[in-house]
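The structure under discussion appears below in the form of structure tokens.
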Number of protein chains: 2
Amino acid sequence: MKAGAVKPPAKPCPRRDWTRLIIGAPRVPPPLRLLGRRATVIRIRMHAKGPPMTRVPTSKDVAKAAGVSQPTVSRALAGHPQVSAATRERVRKAALELGYVPQESGRVLRSRRTRRIAVVCGPDDLLSPFRPQLVVPLHQALAAAGYRTTLIAESGDAAVLSQVTDGSVDGVLVTAARAGSAVPGQLAAHGVPHVLVDRLVPEAGHPTCAADNRQGAAEIATLVAGLGHREVALVLGPRRLRTSLDREAGFRSVLAAGRAVRTRVLRGGVDHAAGVAAARSLLGAAHRPTAILCANDTIALGVLHEARLRGVDVPGELTVTGFDDIPMAGWEPYALTTVRHDTGRMAAEAVRLLLSQLGPDVDGAAPESVVLRADLVLRQTHAPPPSPS
Amino acid sequence: MKAGAVKPPAKPCPRRDWTRLIIGAPRVPPPLRLLGRRATVIRIRMHAKGPPMTRVPTSKDVAKAAGVSQPTVSRALAGHPQVSAATRERVRKAALELGYVPQESGRVLRSRRTRRIAVVCGPDDLLSPFRPQLVVPLHQALAAAGYRTTLIAESGDAAVLSQVTDGSVDGVLVTAARAGSAVPGQLAAHGVPHVLVDRLVPEAGHPTCAADNRQGAAEIATLVAGLGHREVALVLGPRRLRTSLDREAGFRSVLAAGRAVRTRVLRGGVDHAAGVAAARSLLGAAHRPTAILCANDTIALGVLHEARLRGVDVPGELTVTGFDDIPMAGWEPYALTTVRHDTGRMAAEAVRLLLSQLGPDVDGAAPESVVLRADLVLRQTHAPPPSPS
DNA sequence: TTGTAAGCGTTATCAA
DNA sequence: TTGATAACGCTTACAA
């Protein structure tokens with residue numbers, strides 16, 4: 001490590017040891033719960049629930065107040081055209097005064113439409129940096145179309161299935177990436193409208209909306225190869241992740257295509273530590289690659305950090321690329337060159353695909369799948385290799 | 001900047017310029033959508049919907065198949081004890097064969113319990129690094145208690161209100177931090193059970209479950225002051241954010257308490273760029289602080305980056321602290337000393353508080369609020385000042 | 001234009 | 001232990 005380079009926090013120094021002494025803080029793991037778990041309980045007055053036990057008003061109450069029949073209330077508030085303006089106004093006023101809100105349960109039972117869509121994701125998907133970028137636009141697109149979102153974290157197929165086949169949702173958006181899930185098949189078996197989001201391969205018979213991971217990976221590999229790199233390393237996730245496999249295929253389709261590119265492959269986790277470990281292994285070796293293509297941004301940030309820690313100039317000596325364009329990738333200190341999915345578009349298409357199945361009779365219409373191109377995001381971590389071989 | 005230090009990506013160099021030439025990539029903003037937006041549409045066969053239009057089976061169908069009355073089906077499947085084992089088995093078998101799932105709409109209409117809870121958050125809350133750490137445990141806690149989660153992104157009070165007063169949820173967890181929201185008040189007015197999550201001040205009459213931001217901030221300020229720092233800077237968010245205000249109060253309560261600590265305050269955004277900007281201003285000045293306390297981790301990471309970029313030794317020359325303990329704070333390159341909320345505990349308590357309001361008659365019981373202590377997470381970015389003044 | 005009647009699928013009450 | 005009956009709140013068809 002060159003003098004003046006960023007100091008690795010793991011390296012101990014006297015002052016830091018002294019600090020630890022004061023605080024009594026072991027280095028790893030950090031001393032969570034240092035201060036104990038005492039919870040302060042405050043008792044407060046709550047909103048007054050009227051002692052006469054006010055019942056929530058129904059359309060019947062409004063009807064009585066407005067001096068009309070109950071179905072007229074329904075028609076008036078639903079904006080049915082064949083209600084006289086005078087009646088409509090009278091009903092509206094009565095409803096407002098009573099604080100009447102049409103009860104969803106009655107509406108659903110009768111109309112058999114819930115206007116609610118389930119979004120299924122993995123148990124901890126929302127904790128990853130990327131998944132919320134998909135779930136939030138999905139939620140927005142649904143809201144814009146007048147649908148509510150029920151969030152279901154996949155934890156056993158049976159649990160998911162019972163929540164989506166009980167008529168509580170009109171359809172399902174499956175974003176969970178788990179490979180062996182039986183959910184899609186069972187949705188089909190139960191005739192529940194659904195769309196698989198962010199999975200490339202249209203699994204037999206399932207409408208799908210996904211980014212083209214293979215294409216995106218091929219694009220960035222093309223970029224790197226075009227810059228003249230001939231010693232390239234791939235840092236990939238485990239084989240069970242379809243996403244990582246697709247990206248690997250994209251990388252290889254270009255790098256193996258007759259160009260004299262030597263490719264090394266490292267397989268590990270998909271988190272920051274995996275990137276750090278991979279970079280340690282790659283940059284510590286005698287024969288360093290000049291470019292490292294990572295299966296996602298988090299890995300790439302780990303690689304980036306380790307490289308800089310070792311004084312390796314990125315992109316001068318080393319090109320590093322990611323995948324997903326998570327928010328951090330755009331942070332100034334990283335400025336990571338990566339691949340971006342247009343998650344807003346993906347969400348919109350997925351919702352469109354799903355809602356198109358909800359029409360009165362869609363048996364004739366051919367269900368579609370949509371594959372969205374991924375885009376290169378060219379920032380500051382790519383350059384030609386130091387000495388073109 | 002010392003030789004060999006991490007090179008700021010913003011500084012141009014010939015090689016990088018040449019790269020830009022090849023790619024045609026402007027520096028800022030990155031060229032998203034470089035490759036166009038062409039979507040590939042694939043038409044596929046969908047799951048076969050039986051032409052005879054199979055109706056979804058109801059308890060009536062099961063009753064007929066099992067040779068019992070319809071209410072018996074309900075009782076048998078609900079595990080009602082006064083059903084003979086033989087009947088129960090017959091019903092169970094018939095239900096299984098028909099693929100019967102009790103329809104939620106009927107159940108809700110009759111029982112007036114949805115077993116569904118709404119989680120309200122801000123429009124983009126899930127995109128922040130911290131909020132999912134709260135929402136996910138909330139969702140888990142609800143699922144564990146047998147409740148489903150409806151996600152509502154706050155976008156206008158009226159929209160939220162109509163979704164929670166229509167009987168579609170049994171209660172509401174409000175995590176949105178927006179200050180002037182009328183939602184809590186209206187929930188109370190409508191008698192909708194609810195809990196405010198992660199807001200410290202128990203707003204008049206609302207059950208609340210929150211971390212003690214003030215206390216956490218005071219703890220970390222005590223730590224820093226105890227280390228001997230006398231030149232401290234606070235990097236805070238805007239005044240409209242209650243969270244930031246609470247933390248500021250905590251910082252000040254300690255730093256202003258008669259100790260000879262000189263405190264500077266910078267107010268700005270709550271993102272990474274805000275931290276970078278603050279650090280630039282603070283570290284560029286003639287009189288540098290020896291400690292920078294930030295209103296959240298993202299800001300702190302920005303400060304940390306800028307400090308290292310300038311070759312400032314953290315924690316040797318400068319102590320930097322955050323707040324929230326987002327995942328990145330634990331990443332090896334940062335190892336940020338910060339304050340942690342036990343979001344799992346917070347979620348569990350919030351759910352407990354909410355569900356306790358759903359009992360048959362809770363008018364007598366006093367609703368509670370819970371304030372959870374925040375914990376210091378002592379990692380690698382704090383130390384005594386270089387020369388104790 | 002509005003009222004009457006029926007029914008969505010379930011659970012609860014009562015009687016047998 | 002089980003069956004008949006009613007009711008939840010709403011929308012729709014039909015009649016007035």
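Numbered from 1 within each chain, the chains take letters A, B, ... in sequence-line order. The model shown is predicted, which means the values in this text are computed figures rather than measured ones.
Within the structure, every side-chain polar atom (N or O) of A:Ser111 is placed at least 4.0 Å from both OP1 and OP2 of D:dT11. Look at A:Arg107 and you'll find a side-chain N or O under 4.0 angstrom from OP1 or OP2 of D:dT11.
At least one donor-acceptor pair under 3.5 Å links the side chain of A:Ser168 to the backbone N or O of A:Gln163. The main-chain N or O of A:Val192 is found under 3.5 Å from a side-chain atom of A:His194 such that the two form a donor-acceptor pair. Side-chain atoms of A:His139 come within 3.5 Å of backbone N or O of B:Leu151 as a donor-acceptor pair. In this structure, A:Asp125 contributes its side chain and A:Arg131 its backbone to no donor-acceptor pair below 3.5 Å.
What separates CD of B:Gln103 from P of C:dT11 is a distance of 11 Å, to the nearest Å. Summarising the geometry, the separation between CG on B:Asp61 and P on C:dC8 is reported as 11 Å, rounded to the nearest angstrom. Between B:Arg113 atom CZ and D:dC8 atom P there is a gap of 19 Å when expressed in whole angstrom units. Between A:Arg110 atom CZ and C:dT10 atom P there is a gap of 16 Å when expressed in whole angstrom units. With rounding to whole Å, B:Lys60 atom NZ is found 12 Å from D:dA4 atom P. Note: OH (B:Tyr100) to P (C:dG9) measures 10 Å, nearest angstrom.
Residues from residues 159-169 of chain B with heavy atoms under 4.0 angstrom of DNA chain C: there are none. Using a 4.0 Å cut-off on heavy atoms, the residues of residues 66-91 of chain A that approach DNA chain D are A:Gln70, A:Pro71, A:Ser74, A:Arg75, listed by number.
Here the rule is salt bridge (Lys or Arg N to Asp or Glu O under 4.0 Å) with A:Asp166, and of B:Arg115, B:Arg148, B:Arg116 only B:Arg148 fits it. The side chain to side chain contact (heavy atoms under 4.5 Å, CB included) test with B:Val195 singles out one residue from B:Thr208, B:Val351, B:Thr175, B:Leu353, and that residue is B:Leu353.
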Legend entry - CA sep, side-chain torsions, deciding dist, call: A:Leu173, A:Ile117, side chain to side chain contact (heavy atoms under 4.5 Å, CB included): CA-CA 7 Å; A:Leu173 293 166; A:Ile117 299 292; 4.0 Å; yes
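Of the charged side-chain nitrogens involved, at least one lies within less than 4.0 Å of a carboxylate oxygen, so that A:Glu89 and A:Arg92 count as a salt-bridged pair.
Nucleic acid contact for B:Thr58: sugar-phosphate only, since backbone atoms but no base atoms lie under 4.0 Å from a heavy atom of the residue.
Rounding to the nearest 0.5 Å places NZ of A:Lys64 at 8.5 Å from OG1 of A:Thr58.
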